[in-house]
Amino acid sequence: MKRFSIFAAVSLGLIGVVGVLYGLLFRSPADHRAIAVSAAVALGVQLFAFAVMLVVRGTNVFAAWGLGILLRFVVLVIYAFLVLRGMNLPPASALFSLVTFFFLSTLVEPVLLKP
């Protein structure tokens with residue numbers, strides 16, 4: 001539980017800081033909404049993927065990590081083709097921010113998955 005809490009806090013901090021920086025780069029209210037939606041999606045997916053990895057890591061850490069990568073990719077594709085259109089979000093700010101949020105929080109995982 002401690003590793004999950006640390007991952008959640010670090011991910012939330014990274015997503016928050018990068019979200020603010022993207023807010024300075026993309027200035028329209030629609031862009032800010034897209035960044036906020038991307039942040040919420042990224043945080044939810046990252047927390048779910050990390051929880052699965054914590055459960056499965058004793059069996060096969062590489063399979064768990066691969067499953068997490070596959071999950072992120074599927075979410076990115078669904079987000080790009082369905083969510084952006086359905087919510088009328090600007091694609092550049094939404095996709096750049098989502099990919100960045102995924103990437104940065106994924107860098108934290110190996111440190112916290114070590115036995």
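Given the structure is predicted, the values throughout are model-derived calculations rather than measurements.
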Point to revise | Co-membership, hydrophobic cluster, residues V108 and L21, 4.5 Å side-chain | key: no

Practice item. For the pair S11 (side chain) and S105 (backbone), establish whether a donor and an acceptor sit closer than 3.5 Å, ignoring hydrogens and angles. Key: no

Exercise for review: Indicate the atoms forming the closest heavy-atom contact of I35 with G23, along with that distance.
Suggested key: CD1-N, 3.8 Å

Point to revise | Sequence neighbours excluded, every pair satisfying salt bridge (charged side-chain N to carboxylate O under 4.0 Å, His left out) that has a member inside residues 62-83 | key: R72-E109

Review point. For the residue pair S97 and A34, what are the closest heavy atoms and their distance?
Key: OG-O, 4.4 Å

Point to revise | Heavy-atom pair of closest approach, residues L112 and R3 | key: O-NH1, 2.6 Å

Review point. Distance from Q46 atom CD to L12 atom CG, nearest 0.5 Å?
Key: 12.5 Å

Review point. Do I15 and V83 share a hydrophobic cluster (ILVMFWY, side-chain heavy atoms under 4.5 Å, transitive)?
Key: no

Exercise for review: Decide whether L25 and L95 are clustered together by the hydrophobic rule: side chain heavy atoms of Ile, Leu, Val, Met, Phe, Trp, Tyr closer than 4.5 Å, transitively.
Suggested key: no

Revision key, fill the gap. Quick note, ring pair (Phe, Tyr, Trp, His ring centres under 6.0 Å) partners involving residues 67-102, not counting sequence neighbours, are none

Point to revise | Pairs touching residues 95-104 that satisfy salt bridge (charged side-chain N to carboxylate O under 4.0 Å, His left out), sequence neighbours left out | key: none

Practice item. Please assess M53 against L67 for the test side-chain contact (heavy atoms from CB on, under 4.5 Å), listing each intermediate value before the final yes or no. Key: CA-CA 8 Å; M53 283 185 249; L67 181 64; over 6 Å; no

Review point. Does V20 sit in a hydrophobic cluster with other residues, and if so which ones, taking ILVMFWY side chains as linked at heavy-atom separations under 4.5 Å, directly or through other members?
Key: none

Revision key, fill the gap. Those residues at least two apart in sequence (or on a different chain) that pass side chain to side chain contact (heavy atoms under 4.5 Å, CB included) with L107 are F103, L104

Point to revise | Pairwise ring pair (Phe, Tyr, Trp, His ring centres under 6.0 Å) hits with a residue in residues 27-60, at least two apart | key: F7-F50

Review point. What residues form a side chain to side chain contact (heavy atoms under 4.5 Å, CB included) with A30, not counting sequence neighbours?
Key: S28, P90

Revision key, fill the gap. Sequence neighbours excluded, the answer for side chain to side chain donor-acceptor pair (under 3.5 Å) partners of S5 is none

Point to revise | In one Ile/Leu/Val/Met/Phe/Trp/Tyr side-chain cluster, 4.5 Å: V45, L89 | key: yes

Check your understanding: What side chain to side chain donor-acceptor pair (under 3.5 Å) pairs are there with at least one residue in residues 12-26, not counting sequence neighbours?
Key -> Y22-T100

Revision key, fill the gap. Salt bridge (charged side-chain N to carboxylate O under 4.0 Å, His left out) pairs touching residues 14-26, sequence neighbours excluded, are none

**Study point:** Shortest non-hydrogen separation from R33 to N88 and the atoms involved
**Key:** NH1-O, 4.2 Å

Revision key, fill the gap. The remaining residues in the hydrophobic cluster of L82, counting side-chain heavy-atom contacts under 4.5 Å among Ile, Leu, Val, Met, Phe, Trp and Tyr, are L70, V74, I78

Practice item. Find out if a path of hydrophobic residues (ILVMFWY) with successive side-chain heavy-atom gaps under 4.5 Å connects L98 to V17. Key: no

